[in-house]
Colleague: 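For reference, the structure I am asking about is given below.
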Amino acid sequence: MQSRTLHFSFAMIVFALSVVALVAETTQAQVKTRISIATGGTGGVYYPLGGGLAAMISKHLPGVEATAEVTTASVDNMKLLHADKIALAFTLPDTAWDAYQGQLKGLSDKIGVRALAALYSNYLHIVTLDGVGIKSINDLKGKRVSTGAQGSGTEIRGLRVLEAYGISPKDLKSQERLGVAESAGAMKDRRIDAFIWDGGLPTAAVLDLGATPGIKIHLIPHGDSVAKMAAKYGPLYFVATIPKGTYGGVDADVPVAAATNLLAVHARMDESLVYQITKLLLERTADLVAVHQAAKEITLKSAVVGSPVPFHPGALRYYKEKGVKIPSGQ
């Protein structure tokens, strides 16, 4: 009797393992395409939006499984795209343009970057604390400043803004190269006097900093840098306003340099897949708004405005179906 029971139990185990193997094999067969989305640091906007987009793709595109990857953002995202390590990338337009032109720092190759859609505006934040003596850009001289993570679009844009005022990293007491979450932490610990961050509104790490007891933040206005930047680098930037009340301690509107974020792919990406992702992005935008309110800016009309690089044929196919014309020069 005991032998029969053991035999029965063994048979059940074998059957259960067979079922598990069959389910795993079936699941694997259903997922034909796996793609990665290069985003940014966890304290910014790229990462939550990338996570939301990955979830949408995995849920609504049969046979496609997407994951969001933490990166140092735009510059590294372009390099990852070039190396075929990711399929989709969030990027700033100036970084995408440098990549397209073969002028990306640390990489001499021209990158076959193509736009899928323009997303939302990025606002350059220059964040400082009450009591450290920084009221204007020129007051950054001799201070401890984080200019953004190495390999980020923040670093590129931030240094260009400083350049417009005749300031270089050599004019600072010290230059840190930290992401937004690390910068906010360093400011809480009083290890830096100011930091530069380029992101959507609101940015979680800056929100948290502004809500920290005993800390009052200030955002330094620099809207008048845009004209000089445009004269040197082209019409990639515009003046925008961070409204008062966006963050705790910000009691007045702040004019800043802004640009439009892009969702980019490589020219070699499958046209049909790009078409499907473009359609999904623009027809289920509400799903992304639930993840982050910056996605409220994503519309069919604005999706084709602000890219200095060409659109992918798959995206163009969708826009043509919808009767949306790409502005001349893009």
Side-chain angles (χ1 to χ4, degrees), residues 16-91 96 99 111-120 151 200 204 261-295 298 300 303 311-319 321-322:
L17 289 174
S18 299
V19 170
V20 170
L22 181 61
V23 169
E25 186 177 337
T26 303
T27 301
Q28 188 173 9
Q30 288 174 344
V31 179
K32 299 175 183 177
T33 304
R34 288 183 172 83
I35 62 174
S36 293
I37 305 172
T39 62
T42 56
V45 179
Y46 282 179
Y47 182 68
L49 279 186
L53 180 59
M56 284 169 55
I57 291 171
S58 298
K59 181 178 180 180
H60 297 291
L61 296 188
V64 182
E65 183 179 280
T67 55
E69 307 292 342
V70 175
T71 71
T72 54
S74 297
V75 175
D76 278 354
N77 290 358
M78 293 296 95
K79 292 177 180 178
L80 290 168
L81 195 68
H82 182 59
D84 201 24
K85 292 183 177 179
I86 51 96
L88 292 159
F90 286 81
T91 183
I111 298 175
V113 57
R114 298 292 185 267
L116 187 149
L119 301 175
Y120 63 93
N261 287 285
L262 305 176
L263 183 61
V265 296
H266 199 281
R268 63 177 165 249
M269 190 166 174
D270 178 71
E271 181 179 331
S272 177
L273 183 56
V274 174
Y275 169 84
Q276 292 177 67
I277 294 173
T278 306
K279 179 180 173 70
L280 184 66
L281 171 71
L282 292 165
E283 296 184 4
R284 287 190 169 272
T285 309
D287 292 1
L288 289 182
V289 174
V291 174
H292 198 287
Q293 68 182 47
I298 303 173
L300 183 59
F311 281 83
H312 191 282
L316 289 174
R317 187 176 120 204
Y318 177 76
Y319 295 130
E321 280 185 5
K322 292 297 180 180

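This is a predicted model, so every value here is computed, not measured.
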Colleague: Rounded to the nearest 0.5 Å, how far apart are CE of Met78 and NE2 of His266?
Modeller: 9.5 Å
Colleague: What are the two closest heavy atoms between Gly50 and Phe90, and how far apart are they?
Modeller: CA-CE1, 3.6 Å
Colleague: So which of Glu321, His312, Arg317 actually passes side-chain hydrogen bond (donor to acceptor under 3.5 Å, both in side chains) with Tyr275?
Modeller: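 Passing option: Glu321.
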Colleague: At what distance, to the nearest 0.5 angstrom, does CD1 of Ile277 lie from CG of Leu61?
Modeller: 6.5 Å
Colleague: Working to the nearest 0.5 angstrom, can you tell me the gap between Thr39 OG1 and Tyr46 OH?
Modeller: 10.0 Å
Colleague: Does atom OH of Tyr318 have more than 12 heavy-atom neighbours, drawn from other residues, nucleotides or ligands, at distances under 6.0 Å?
Modeller: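 Yes.
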Colleague: Can you tell me how far apart CD1 (Ile37) and CD1 (Ile57) are? Round to the nearest 0.5 Å.
Modeller: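 Separation between the atoms: 4.0 Å.
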Colleague: Hey, could you give me the CG/OG1 distance between Leu80 and Thr72, rounded to the nearest 0.5 Å?
Modeller: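 Separation between the atoms: 8.0 Å.
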Colleague: Where do Ala99 and Val113 come nearest, in terms of heavy atoms and distance?
Modeller: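 Taking every non-hydrogen atom into account, CB-CG1, 4.5 Å.
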Colleague: Where the side chain of Ser58 meets the backbone of Ala66, is there a donor-acceptor pair that is under 3.5 Å apart?
Modeller: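 Yes, the answer is positive, given that a donor and an acceptor are paired below the 3.5 Å cut-off.
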Colleague: Would you compute the distance between atom NE2 of His60 and atom CG of Leu280 and round it to the nearest 0.5 angstrom?
Modeller: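 CG of Leu280 is found 6.0 Å from NE2 of His60.
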Colleague: The criterion is side chain to side chain contact (heavy atoms under 4.5 Å, CB included); which residues satisfy it with Ala204, sequence neighbours excluded?
Modeller: none
Colleague: Val45 and Gly200: which non-hydrogen atoms are nearest, and at how many Å?
Modeller: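 Minimum heavy-atom separation between Val45 and Gly200: CG2-N, 3.7 Å.
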Colleague: List the steps and the verdict of side-chain contact (heavy atoms from CB on, under 4.5 Å) for Leu263 and Leu53.
Modeller: CA-CA 11 Å; Leu263 183 61; Leu53 180 59; 3.7 Å; yes
Colleague: Among residues two or more places apart or on two chains, list those pairs meeting salt bridge (Lys or Arg N to Asp or Glu O under 4.0 Å) that have a residue in residues 273-284.
Modeller: Lys279-Glu283, Glu283-Lys322, Arg284-Asp287
Colleague: So which heavy atom on Val291 is nearest to which on Pro48, and how close?
Modeller: CG1-O, 3.1 Å
Colleague: Can you name the closest pair of heavy atoms from Ala115 and Ala315 and give their distance?
Modeller: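 Scanning both residues completely, I find the closest heavy atoms to be O-CB, 4.1 Å.
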Colleague: Whether the Asn77 and Thr91 side chains hold a donor-acceptor pair (N or O, under 3.5 Å, no angle test) is what I'd like checked.
Modeller: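 The answer is no; no qualifying pair exists.
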Colleague: Check Ala303 against Tyr319 and note the closest heavy-atom contact, atom names and distance.
Modeller: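 Here Ala303 and Tyr319 meet closest at CB-OH, 3.5 Å.
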Colleague: Which residue pairs satisfy the salt bridge (Lys or Arg N to Asp or Glu O under 4.0 Å) criterion with at least one member in residues 67-90, sequence neighbours excluded?
Modeller: Asp84-Arg268
